Amino acid sequence: MSTYYITTAIDYPNANPHLGHALEKIGADAFARYKRLKGFDVFLSTGVDENSLNVAKTAREAGKSPREFVDEMSPVFNGLWDSLNISYDEFIRTTEPRHVAASRQFFQAVYDNGDIYKGKYEGWYCLSCENYYPDPDLVDGNCPVHGRKPEWLSEDNYFFALSKYEDRLLEHFDENPDFVIPEFRKNEVLGLIRQGLKDFSVSRAGQDWGIPVPIDDSQVIYVWFDALINYATLAGYGYDDERLATWWPADVHVIGKDIWRFHAIYWPAMLMAAGLEIPRTIVVHGFVDFAGQKMSKSAGIGVAPADVIGTYGVDPLRYYLLREIPFHRDGSFTPEGLDARYHNELGNDLGNLLNRTVSMLRRYRDGTLPNPGPDTDAERELKVAANKAWESVDDGFGQWLFSEALSELWVFVRAANRYVDATRPYMLASDASQAERLDTILYNLAEAVRNAALLAAPAIPESSDKIYAQLGLSAIDGAAWLDQRAWGGLVPGSSTPGGKPIFPRIG
RNA sequence: GGCGGGGUAGCUCAGCGGUAGAGCAGGAGAUUCAUAAGCUCUUGGCCGUCGGUUCGAUUCCGACCCCCGCUACCA
């Protein structure tokens, strides 16, 4: 079985995760589920980036030790991913011993290769912020946050010779045109590389939080340098060569538009320097805003994922984000939009389709799937619609175009609703001479619902399983897109228990 | 300043050389298996502005105007 390694960004655990974080994990999860359904052995990763000096700072402000703080925050993240049904295989914390070891080994490898050297890092440093500011960020020569005069400080740091890799990076982009998706992001990356790359500092002096530099324990590794290495750590780098051979290079890094510089430039160069292969693809997604405004906890703008789950459920949130927001671009979360898509698309179109189907099976056939007779034009049309859906939904998920995929799927869902109206099974029930015709309609209708559920499974796995259950089938798993795709997966004579509406009206 | 993205129906967007499309919202109708759901029909757009190329441009080219992102620099 082919392996497929998908990573998501590891998040800074210095505040609670919001919808933006959720968007990325949900997209990556939908893709991971899609790949599994297509028969791949998938490894999906996520985690938290705990070595940041910001984390240490936030901890101190909360009157806690960094260690205490991250131990509290970490479960908040994987807890949310669990409640969103993110099917991650591993959740990494960058304070884990295996990652500390891997980072040090990686640093050492790059150093041994001659690409890390000692240099001077200097700039305007605000003592209140504990941060360096580049000249243009200063306001009248003062710290933009505290308004106080910063001090000119310099410290010895270790630098990574990024500038050496300019040509090799350009070459890599040239040879791998799909390295960065979507294309307009690739163009941004290339633009930046062509402007010329500068070496960057990969260590910080005088800090007590972080991973010690292997060749100099007075310094810690710069947080981005160690954070990126998490992808290799998870693949076994530094402790399990067999595992590394199986999973490295990663097939795709899923990241937000704010961090492509690190993933598309720094990271490949770091890997070249460490003698590791470069991941095959980097998929860059956009951001979610709240009704046109940036989400901001302090300003009270936005909504907590847990609240949405509490009101609507997990799958409605997953569906809404995947359907509403084009993954590669920015999009907007609005309570009205969520409510509309929930009721119109999930409830009325899909949920009601299931409900009317199992209801008629119960009323007219005692909840037992009948044997279908010969097709008429109506059945042929329905199957054409199904085939079209399979093609375009498969294609859409494969290209990270979730919104398009779901949009195409709903074309089929509507076709199935139209099938009921066109064939009018409820008018046939009282006429014994029409029994075979009714059997045919009910069977094909159920089959249409089953196909829709299977197609929707990457996006709304729990709901798809519920639909399967109402049709008397066991949960969807394994390479179901390969082995259950054919029309006729339902066995005549089996019982269709039905059940409560899966997307009940709210409010 | 440079690079990139966007500007199409009230809303969210698709189309990207050949008589303007979808979903939602609004209006009307025929139905009843179903979560007052589904189905059918329908109102609604000088396709950001101004020029150009073309038999023909929302679609190509040029200039410009707004919104967003990245990046550089001046001060």
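Every chain is numbered from 1 and lettered A, B, ... according to where its sequence line falls, protein lines coming before strand lines. The structure presented is a predicted model; accordingly, all values stated were derived computationally and were not measured.
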Base-pairing mate for B/rC46 - Watson-Crick or G-U, with both contacts under 3.5 Å: none
Rounded interatomic separation in angstrom, taking OH from A/Tyr419 and C1' from B/rU40: 19 Å
Watson-Crick or G-U wobble partner of B/rG29, both distances under 3.5 Å: B/rC39
Test: A/Asp439 and A/Arg365 ion pair at under 4.0 Å: yes
Sugar-phosphate, base or nothing in reach of A/Asp349, heavy atoms under 4.0 Å: sugar-phosphate
Touch class at under 4.0 angstrom, heavy-atom based, for A/Phe503 against every strand present: base
Atom-to-atom span, CD1 of A/Ile325 to P of B/rG23 - whole angstrom: 22 Å
Trace of the side-chain hydrogen bond (donor to acceptor under 3.5 Å, both in side chains) decision for A/Asn417 with A/Arg356: CA-CA 9 Å; A/Asn417 272 314; A/Arg356 68 201 302 206; 2.8 Å; yes
Interatomic distance, A/Gln195 CD vs B/rG1 P [rounded to whole Å]: 16 Å
B/rA37 phosphate, OP1 or OP2, under 4.0 Å from A/Arg505 side-chain N/O: yes
Short side-chain N/O contact to B/rG4 OP1/OP2 from A/Asn187, under 4.0 Å: no
Opposite nucleotide pairing with B/rU19, Watson-Crick or G-U, both atom distances under 3.5 Å: none
Under-4.0 Å side-chain N/O to phosphate OP1/OP2 contact, A/Arg418 with B/rU40: yes
Touch class at under 4.0 angstrom, heavy-atom based, for A/Arg329 against every strand present: sugar-phosphate
Aromatic ring proximity A/Trp400/A/Phe31, centre distance under 6.0 Å: yes
Integer-rounded Å distance: B/rA34 C1' and A/Arg363 CZ: 9 Å
Nucleotide B/rG23, atom C1' - distance to CD of A/Glu404 in whole Å: 14 Å
Check: A/Phe333 ring centre within less than 6.0 Å of A/Tyr320 ring centre: yes
Close aromatic pair by centroid cut-off 6.0 Å: A/His263 and A/Tyr231: yes
Separation of atom CD1 in A/Ile506 from atom C1' in B/rU35, rounded to whole Å: 11 Å
Complement of B/rG69, any strand, by Watson-Crick or G-U distances under 3.5 angstrom: B/rC3
Sugar-phosphate, base or nothing in reach of A/Gly191, heavy atoms under 4.0 Å: nothing
Whole-Å C1' distance, B/rC47 and B/rA57: 11 Å
Sugar-phosphate, base or nothing in reach of A/Arg424, heavy atoms under 4.0 Å: sugar-phosphate
